[in-house]
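Note that the structure is predicted; figures quoted are calculated from it, not measured.
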Amino acid sequence: MISNMDPLQKQMLDDVFDAFTMLSSGSIVSLMHVEGGFTRYTASAVELFGLPGEYVPNGVMDWSDWIHPEDRRRYLDVMNALLEGRAQTYDLTYRVRTVSQGYVAFRAVGAVLRGSEGKPSLIGGATFNDSMTDNTDPVTVLPNKNAYLRDLKAMMDEGKPTVSLQVGISGLSEVNRTHGYSYGNRLLQETAWMLQETVEKRARVYRMEGASFVLLFETASREETAAIYDHIRYILQRGIEINGIRNILLANAGLVSTYDAGTGADTVCSCLDCACRESRQHNHGELVDFNGGYQQDSMKTLRLMNAIRDSVLDGCRGFQMEYEPVVAADTGWMNGAQASVFWEDAVYGRVQASAFLPILERDFVFEELGEFILRQSMSDGVRFLEKDPDFLLCVDVYRMQLESGYFVDGLLRLLQETGFPARQLSLNLMGDYRSIDPEQIAKIIAQLHSHGIVVIIADFGSGSDSIGFVKRIPVDAVSLDVRFVGGIEQPGRDRNILKHLTELAADCVRYVNIGGISTAEMREVVRAFPVTTLQGSYFSPPVTAQQVLERYHRDVFLDRE
């Protein structure tokens, strides 16, 4: 096979190949001599991929034939760019057909060496397995969340400042419904390639959960990163074409920069996800900088979140429950309470749930914290029922809990263990519940209803689809966004908006709750609306379980005025 190869060209190829091999210990090395028309591979590559030999004429085999068809075009585009002088180096991940394992993901890194006239003389580099199961996303063949956490931790341990940009893509679920999941995967692949081409060598791109990617920078400033996101957003808004169909995509993004090795990579990831969610839900896709306007003292927040995550993993150490009384709108009688959690620590003091739940609600540790909240609330609730058998306990639940697949079974187990009756429990759906698949959440609610559990949705009237959600999903009650009660003491627009919202809600559900009532005037105004229950500082701030037992009983507010 090598008899026609020029000895000088072969010697040059072997010398460079040996240098590559020494520098790439443990990796598969390949080196193409463009003019000589031969490529040399390591012996391990011959065995792993079933190649004709270590020295292979370029006309005898085409390496692209070993690459997965979905990844082949990307590889060929990169090779053409190298041969035509449009690129000097490459760094791409693709699936390669092996003899015994089928397609496996490999990362290839290398460069082109050019002759005196600028023409490519040698193209080669190192190829190594990124482990499909542990570190590589099988659809885009990008490194996955595990790889991101690993790389981020390594950089932080070395004291390197980092900037992480998470880009979420909206609209993919609609693409899947219209064109199928295979088409949706193609769109994800094209998006992944676009992101890689956009950042080139400035960052490494990772596929996270769902239609979400992270770009990890080491040297870019936050301003440069923001400019890159603007460019990405522009490309997505112009549309990505698949099979002649232009797909217009909307993006949202969050940014977190770090310069402190004392913060865990998982904590950074949670803060990043929170900023991205803020971008999607409240900023119309504009970049949310966790270190900027969203969090004024970001490093303090990162350290705080790190401490809170450690406490959750340490058996929910430092977490305590408190309860805000819920009163009947018509009588003022207390008929239940809404549970809430807080965290207390010798260093950080008392930390309210609003400071950490929006960040932790999509973190894997929330599963343990969510169970703690339910278990402790039910245990306290059993004591409340001894004083009032009709007491209704309301506990917040979040999207991660509902999507777990075993939420209802776990809830029923806790009810049995604590002895709290299901008919006295109401669950308040919080956070990003509207993005759960409608069929899935309808099935969950039907299961809860079969046990007599009441289902409430929080912040009714906020967001783009809370009303549509109530129309589609059979919930029992709504709790209006507390922002709607501001300014209602005086006749005018604010009062009229709240009135119309309560009337709309009353037409859809059995119970309507309003929180944030802080004055007697506000209470009198809302009592004229179709409202069932009220909460707020006018009645009582959140109190401990012991205070509920010592200070409150059913008719505590009957003679309030």
Side-chain angles (χ1 to χ4, degrees), residues 281-282 322-340 352-354 388 390-396 426-431 433-434 454-471 475-543 547-548 551-561:
Q281 295 178 350
H282 304 295
E322 57 186 3
Y323 302 89
E324 181 178 4
V326 177
V327 304
D330 54 352
T331 65
W333 291 358
M334 177 182 177
N335 62 7
Q338 180 171 356
S340 60
Q352 298 292 349
S354 58
D388 179 3
D390 295 323
F391 189 94
L392 292 172
L393 175 67
C394 180
V395 184
D396 297 339
S426 61
L427 298 179
N428 198 29
L429 308 190
M430 301 289 291
Y433 62 85
R434 280 166 284 193
V454 172
V455 179
I456 308 170
I457 67 164
D459 299 333
F460 180 78
S462 67
S464 59
D465 196 37
S466 60
I467 296 174
F469 184 89
V470 172
K471 289 174 62 179
V475 297
D476 305 285
V478 300
S479 182
L480 270 71
D481 191 323
V482 296
R483 290 174 293 185
F484 288 117
V485 303
I488 64 170
E489 293 97 328
Q490 302 299 322
R493 184 178 62 177
D494 292 333
R495 182 184 294 186
N496 291 335
I497 290 174
L498 184 62
K499 177 177 182 293
H500 291 312
L501 276 175
T502 56
E503 291 172 347
L504 178 62
D507 286 339
C508 300
V509 297
R510 290 185 292 162
Y511 311 112
V512 179
N513 177 73
I514 295 181
I517 304 301
S518 58
T519 65
E521 292 78 7
M522 294 173 71
R523 180 199 175 192
E524 286 306 307
V525 169
V526 298
R527 287 180 69 183
F529 302 159
V531 177
T532 314
T533 54
L534 304 173
Q535 293 171 250
S537 59
Y538 172 70
F539 307 107
S540 171
V543 295
Q547 287 174 313
V548 172
R551 296 167 49 189
Y552 293 100
H553 50 87
R554 186 171 178 80
D555 60 352
V556 67
F557 298 117
L558 183 62
D559 299 320
R560 173 68 188 262
E561 297 175 355

Which distance, rounded to the nearest 0.5 Å, do you find between the [atom1] of [X] and the [atom2] of [Y]?
| X | Y | atom1 | atom2 | value |
| --- | --- | --- | --- | --- |
| E524 | E489 | CD | CD | 12.0 Å |
| Q338 | L392 | CD | CG | 12.5 Å |
| I488 | D494 | CD1 | CG | 8.5 Å |
| S540 | Q547 | OG | CD | 8.0 Å |
| D459 | L429 | CG | CG | 11.0 Å |

Sub-4.5 Å side-chain heavy-atom contact between [X] and [Y]:
| X | Y | value |
| --- | --- | --- |
| R523 | Y538 | yes |
| L480 | F460 | yes |
| L393 | Y323 | yes |
| E324 | F539 | no |

Under the side chain to side chain contact (heavy atoms under 4.5 Å, CB included) test, which residues partner T533, sequence neighbours left out?
->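 T533 satisfies side chain to side chain contact (heavy atoms under 4.5 Å, CB included) with V326, N335, N513 only.
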
State whether the side chain of R527 and the backbone N or O of D330 hold a donor-acceptor pair below 3.5 Å, judged by distance alone.
->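 Yes, R527 side chain to D330 backbone: donor-acceptor pair under 3.5 Å.
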
Just by distance, do the side chain of R510 and the backbone of A477 share a donor-acceptor pair under 3.5 Å?
->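 Absent.
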
Work out which heavy atom in [X] is nearest to a heavy atom in [Y]; give both atom names and the distance.
| X | Y | result |
| --- | --- | --- |
| V509 | Y511 | CG2-O, 3.3 Å |
| N428 | C394 | CB-SG, 3.7 Å |
| P325 | Q535 | O-CG, 3.7 Å |
| V485 | G516 | CG2-O, 3.7 Å |
| A329 | V531 | CB-O, 3.5 Å |

Side chains of residues 497-508: which donor-acceptor partners sit under 3.5 Å, not counting sequence neighbours?
residue: K499; atom: NZ; partner: E503; partner atom: OE2; Å: 2.6
residue: T502; atom: OG1; partner: L498; partner atom: O; Å: 3.2
residue: T502; atom: OG1; partner: K499; partner atom: O; Å: 2.7

